[in-house]
Amino acid sequence: MNQLLFEGRSLAGIVSSIIRQDALRVSYSRLDWEHMFRIADYHKVANIVYLGILGYRDSLPEKWWERFFEKYQESLLFGENYKDSIREVLTWLDMRGISCTVLISEAVRELYQIPEAADVAPLQIFLNEEKYNLVKGYLIDLGYETDQVYSGLGERFQRVSSIPISLFHKLPFRTTGYDRNMRRILETAILREPYKYIRILPVESEFLFRIAGAAYRYVTDELTMREVLDLQLCHRAWRDHIRKDAVKKRLGDFQVDELAEKLLRLSYMWFGDKKDQYYEGPPENMAEYDVLEERLLTRGMVNHEADEQALKLQKLVQKELDKEKREEEKKKRKERRKERWEKMQRWFRWAFPDYHYMSSIYPKVEKIPALLPVFWIVRGVRLIWRALAG
């Protein structure tokens with residue numbers, strides 16, 4: 001477990017050094033590069049790590065050097081194509097009058113000083129269920145294929161040399177309170193010029209959507225380093241246009257205002273410019289941030305959670321998961337009962353064929369329908385006799 005934390009912190013150090021453009025302080029010889037690639041890929045920062053290992057090729061096995069380079073190449077290609085791909089999809093939607101909301105804008109890409117360090121992130125679109133299949137069909141016609149299924153929520157689509165696209169007809173938040181408050185955020189969406197039906201979130205609303213989503217994914221152990229990095233970049237760029245008290249109040253509706261603030265502060269501790277005085281001095285209780293960091297870097301494998309808001313939200317999410325599990329088990333039991341009943345019906349139809357079938361084999365049945373039960377027995381005896389004789 002200590003090695004897991006060491007590698008996680010080393011990963012954060014490499015990414016931080018590239019974002020801050022300062023000196024690397026990483027012991028490359030102590031790292032398991034297969035594992036480093038896997039966790040960097042999970043955290044969606046493998047392309048940044050490549051920039052951090054450029055001068056240390058001899059320290060890496062060739063195979064993993066190439067894997068990091070492939071991720072870097074993907075980010076370069078994505079940067080060349082993403083604007084045209086987004087324009088293509090949004091123009092088609094707008095021309096057909098399909099009202100939708102872009103959940104996370106691609107504007108965060110412009111906040112990276114090194115463009116190829118940005119994420120190969122999907123275009124996330126929220127629309128009503130009635131239009132979902134129409135848009136899905138359009139993407140398939142364009143050559144997109146389903147890359148990932150968000151059960152009951154939507155799908156992610158991928159095409160060679162194009163951006164991935166995530167379609168949602170339901171927001172990916174299980175608890176009723178979270179879903180309701182996220183929908184309230186979407187109600188603030190404004191038209192995205194030059195379109196007539198495409199909406200985007202204003203800066204304050206998008207930041208709120210991002211940070212509330214980060215808090216949710218933290219307690220479900222799905223929060224990535226990339227998401228924390230994007231959160232920091234967005235806040236640094238937008239904070240002069242964000243009403244701090246209003247955001248805190250809305251986060252209070254989610255009951256994650258304190259947890260969200262800790263995540264934001266951690267993002268500055270990892271990736272913020274050391275000259276930035278937004279947070280003056282270290283936090284009073286560093287142990288809280290150690291717990292936060294350990295859980296995030298290990299995807300919950302190291303979990304000493306003590307934050308009351310995190311524990312409460314985690315309990316609510318688990319309650320919904322248990323409910324879904326019970327409903328799924330109930331559905332499976334119902335399907336099994338249905339299968340047994342259908343099997344029994346098939347057996348019954350085989351054992352006791354209908355009048356038309358029996359009369360075609362036994363003409364007496366056609367003349368005297370009342371003899372049908374008698375000939376069922378006759379047929380059964382014959383079948384048994386053949387089976388024994390064979």
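Please read these numbers as outputs of a predicted model, since none were measured by experiment.
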Name the atoms and distances for all side-chain donor-acceptor pairs under 3.5 Å in residues 304-314, with sequence neighbours left out.
{"from": "Glu305", "atom 1": "OE1", "to": "Tyr218", "atom 2": "OH", "distance (Å)": "2.5"}
{"from": "Glu305", "atom 1": "OE1", "to": "Arg295", "atom 2": "NH1", "distance (Å)": "2.9"}
{"from": "Glu305", "atom 1": "OE2", "to": "Asp307", "atom 2": "N", "distance (Å)": "3.1"}
{"from": "Asp307", "atom 1": "OD1", "to": "Gln309", "atom 2": "N", "distance (Å)": "3.0"}
{"from": "Asp307", "atom 1": "OD1", "to": "Ala310", "atom 2": "N", "distance (Å)": "2.8"}
{"from": "Asp307", "atom 1": "OD2", "to": "Lys262", "atom 2": "NZ", "distance (Å)": "2.6"}
{"from": "Gln309", "atom 1": "OE1", "to": "Asp257", "atom 2": "N", "distance (Å)": "3.3"}
{"from": "Gln309", "atom 1": "OE1", "to": "Glu258", "atom 2": "N", "distance (Å)": "2.9"}
{"from": "Gln309", "atom 1": "OE1", "to": "Leu259", "atom 2": "N", "distance (Å)": "3.0"}
{"from": "Gln309", "atom 1": "NE2", "to": "Asp257", "atom 2": "OD1", "distance (Å)": "2.7"}
{"from": "Lys312", "atom 1": "NZ", "to": "Gln255", "atom 2": "OE1", "distance (Å)": "2.6"}
{"from": "Gln314", "atom 1": "OE1", "to": "Arg295", "atom 2": "NH1", "distance (Å)": "3.0"}
{"from": "Gln314", "atom 1": "OE1", "to": "Arg295", "atom 2": "NH2", "distance (Å)": "2.9"}

Show me the donor-acceptor pairs within less than 3.5 Å that the side chains of residues 325-345 make with the rest of the protein, sequence neighbours left out.
none

Could you tabulate the donor-acceptor pairs under 3.5 Å formed by side-chain atoms of residues 150-157, not counting sequence neighbours?
{"from": "Tyr150", "atom 1": "OH", "to": "Ser166", "atom 2": "OG", "distance (Å)": "3.2"}
{"from": "Glu155", "atom 1": "OE1", "to": "Lys136", "atom 2": "NZ", "distance (Å)": "3.4"}
{"from": "Glu155", "atom 1": "OE1", "to": "Thr146", "atom 2": "OG1", "distance (Å)": "3.0"}
{"from": "Glu155", "atom 1": "OE2", "to": "Tyr132", "atom 2": "OH", "distance (Å)": "2.9"}
{"from": "Glu155", "atom 1": "OE2", "to": "Lys136", "atom 2": "NZ", "distance (Å)": "3.1"}
{"from": "Arg156", "atom 1": "NE", "to": "Asp147", "atom 2": "OD2", "distance (Å)": "3.1"}

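Taking the side chain as every heavy atom from C-beta outward, Trp270 and Met225 approach each other to under 4.5 Å.
Partners of Phe352 by ring-ring contact (aromatic ring centres under 6.0 Å, His included), not counting sequence neighbours, listed by chain and number: Phe348, Trp376. The ring-ring contact (aromatic ring centres under 6.0 Å, His included) test applied to Phe37 returns Trp64, Phe68, not counting sequence neighbours. The ring-ring contact (aromatic ring centres under 6.0 Å, His included) test applied to Tyr278 returns His235, Tyr268, not counting sequence neighbours.
Ring orientation note: the planes of Tyr138 and Trp92 are close to parallel, at an angle under 30° on the 30°/60° scale.
Classification of Glu34 and Arg38 as a salt-bridged pair holds, one side-chain N sitting under 4.0 Å from a carboxylate O. Using a cutoff of 4.0 Å between basic side-chain nitrogens and carboxylate oxygens, Glu324 and Arg174 are scored as salt-bridged. Ionic pairing of Glu222 and Arg299 is not present here: no N-O contact between side-chain nitrogen and carboxylate oxygen is shorter than 4.0 angstrom. Classification of Arg159 and Glu88 as a salt-bridged pair holds, one side-chain N sitting under 4.0 Å from a carboxylate O. With respect to Arg184 and Asp179, no salt bridge is recorded, no charged nitrogen being found less than 4.0 Å from a carboxylate O.
A continuous path of Ile, Leu, Val, Met, Phe, Trp and Tyr side chains, each step under 4.5 Å between heavy atoms, connects Ile86 with Tyr195, placing both in one hydrophobic cluster. Both Leu297 and Ile18 belong to a single network of hydrophobic side chains, linked directly or stepwise wherever heavy atoms of I, L, V, M, F, W or Y lie under 4.5 Å apart.
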